[in-house]
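Right, one structure below, let's go through it.
Just so we're on the same page: letters track the sequence lines, and every chain starts at 1. In this text, all values refer to a predicted model and were calculated from it rather than measured experimentally.
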Amino acid sequence: MAGASSTYGLLLAAVLFGIGFTGLLVRRNLIVVLACIEIMLNAAGLAFVVAGARWGRPDGQVMFLFVLAMAAAEVTVGLAIAIRFRQSLHSLEVDDEMKG
Amino acid sequence: MDVLFFIAAAVAVISTIFVVTRGNLVHALLYLVVSLFAVAIVFYTLGAPFVAALEVIVYAGAIMMLFVFAVMLLNARADSLLPVPRRAWLGPLLLVAVLVAELLYALTLQHSSLRGVEVGPQQVSASLFGPYVLGVELASMLLLAALIGARHVAGQPDEEDGSIAGGSDGGDEGRPDDEATGGEADA
């Protein structure tokens with residue numbers, strides 16, 4: 001029973017990661033790109049928690065806490081960069097920057 | 001608990017797809033909150049209640065608040081100040097209603113009927129401050145570095161924006177690059 005649940009949990013993590021990665025490639029808005037990175041990090045944390053629950057160990061949850069701290073740090077700097085991006089380029093579309 | 005897991009997983013996948021496909025930024029963030037709630041329910045069904053609570057508090061609370069503040073700062077003069085139309089609330093409301101029903105059902109269940117072994121906050125904390133204490137210190141340093149970095153990147157004073165030839169590096173490089181980009185695109 002635990003094996004089947006961990007299989008489906010890892011499948012869910014893979015699907016969420018795939019959706020986030022697709023959004024990262026498709027969407028051009030900087031805020032949505034950051035949100036997609038959050039989705040991918042959340043899926044990675046979900047995989048950690050599923051693996052930890054599979055063996056009944058707290059290590060997976062501890063790793064999720066580290067992923068959480070890393071995601072918070074990343075999104076702080078990313079949104080600060082987005083604000084500077086908007087101030088200097090007057091746009092949030094990453095394609096406008098890619099032309100330069 | 002299998003049913004709860006699968007329903008929460010379906011809600012997570014559907015709302016995450018909506019995050020990617022919605023054109024409006026605020027609607028996408030609304031669906032992202034729903035997605036994080038659904039993943040929290042998945043954590044709960046997996047026997048990790050501590051992480052489920054942290055997912056709601058830190059991800060859906062703190063990080064989403066950062067996103068919303070950034071959206072408010074970025075396009076305060078665009079159409080995002082208009083009230084969100086009532087139809088836009090319907091999708092997230094429906095998905096959250098499913099999650100709330102699921103959570104109420106899970107709370108009425110007997111505790112022993114949770115699937116697998118439950119790893120509670122006590123074990124997690126003992127592990128976090130036992131063998132992983134170095135990681136906790138590194139995470140605190142990372143958060144401090146992110147704080148100072150965000151202050152340095154976004155907290156430039158207004159006088160630099162007013163006087164372009166002020167001599168600071170950030171805006172001084174940004175403006176000519178922008179003009180050069182525009183000229184190149186025109187030519």
[X] versus chain A, the contacting section by heavy-atom distance below 4.5 Å:
X	answer
Val13(B)	both
Val19(B)	both
Thr16(B)	both
Leu32(B)	side chain

Flag the one option from [options] with the top tally of heavy-atom pairs under 4.5 Å to chain B.
options	result
Val15(A), Leu68(A), Val77(A), Val32(A)	Leu68(A)
Ile81(A), Val50(A), Val49(A)	Val49(A)
Leu34(A), Ile31(A), Ile83(A), Leu24(A)	Ile31(A)

I'd like to check [X] versus [Y] (side-chain heavy atoms, cut-off strictly below 4.5 Å). Are they in contact?
X	Y	result
Val26(A)	Val20(B)	no
Leu16(A)	Val39(B)	yes
Glu38(A)	Leu36(B)	no
Phe50(B)	Leu65(A)	yes

Task: Proximal to chain A - members of residues 93-104 of chain B, heavy-atom separation under 4.5 Å - done: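 Not one residue of residues 93-104 of chain B has a heavy atom under 4.5 Å from chain A.
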
Ignoring hydrogens and angles, write down the donor-acceptor pairs under 3.5 Å from the side chains of residues 131-142 of chain B, residues two or more places apart or on other chains.
residue   : atom : partner   : partner atom : Å
Tyr132(B) : OH   : Asp59(A)  : OD1          : 3.2
Ser140(B) : OG   : Glu137(B) : O            : 2.6

Where [X] and [Y] come nearest, the two heavy atoms and their spacing:
X	Y	value
Arg27(A)	Arg22(B)	NH1-O, 2.7 Å
Leu143(B)	Ala69(A)	CD2-O, 3.7 Å
Gln61(A)	Ala48(B)	NE2-CB, 3.4 Å
Leu46(A)	Phe43(B)	CD1-CE2, 3.2 Å

Open item on the list: So, taking the atom named CZ in Arg54(A) and the one named CG in Leu46(B), what distance separates them when rounded to the nearest 0.5 Å?
Closed with: 12.5 Å

Task: Side-chain cluster (under 4.5 Å, hydrophobic types only) that Trp55(A) belongs to, other residues - done: none

Open item on the list: Are Val34(B) and Leu90(B) connected into the same hydrophobic cluster when the rule is that any two of I, L, V, M, F, W, Y join if their side-chain heavy atoms are below 4.5 Å apart?
Closed with: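 The answer is no; the residues belong to distinct hydrophobic clusters.
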
TODO: Determine, using the 4.5 Å side-chain heavy-atom cutoff (strictly less than), whether Ile148(B) and Met70(A) are members of one ILVMFWY cluster.
DONE: no

Task: Working for side chain to side chain contact (heavy atoms under 4.5 Å, CB included), residues Arg57(A) and Val119(B) - done: CA-CA 7 Å; Arg57(A) 300 283 302 164; Val119(B) 181; over 6 Å; no

Open item on the list: Could you go through Val153(B) and Phe85(A), starting from their C-alpha distance and side-chain angles, then the distance that decides it, and tell me whether this counts as side chain to side chain contact (heavy atoms under 4.5 Å, CB included)?
Closed with: CA-CA 10 Å; Val153(B) 170; Phe85(A) 191 91; over 6 Å; no

Contact part of [X] toward chain B, heavy-atom cut-off under 4.5 Å: side chain, backbone, both or neither?
X	answer
Asn29(A)	side chain
Leu30(A)	neither
Ile19(A)	both

Task: side chain to side chain contact (heavy atoms under 4.5 Å, CB included) between Phe66(A) and Leu128(B), intermediate numbers included - done: CA-CA 10 Å; Phe66(A) 291 151; Leu128(B) 192 62; 4.2 Å; yes

Open item on the list: If the condition is side chain to side chain contact (heavy atoms under 4.5 Å, CB included), which residues does Leu66(B) pass it with, not counting sequence neighbours?
Closed with: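 Side chain to side chain contact (heavy atoms under 4.5 Å, CB included) check on Leu66(B) returns Val75(A), Thr76(A), Leu79(A).
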
- [ ] Please confirm whether Phe6(B) and Tyr8(A) have ring centers closer than 6.0 angstrom.
- [x]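 Under 6.0 Å, so yes.
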
- [ ] Specify which of Leu147(B), Leu144(B), Leu54(B) makes the most heavy-atom pairs with chain A at under 4.5 Å.
- [x]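 Max contact count across the listed options: Leu54(B).
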
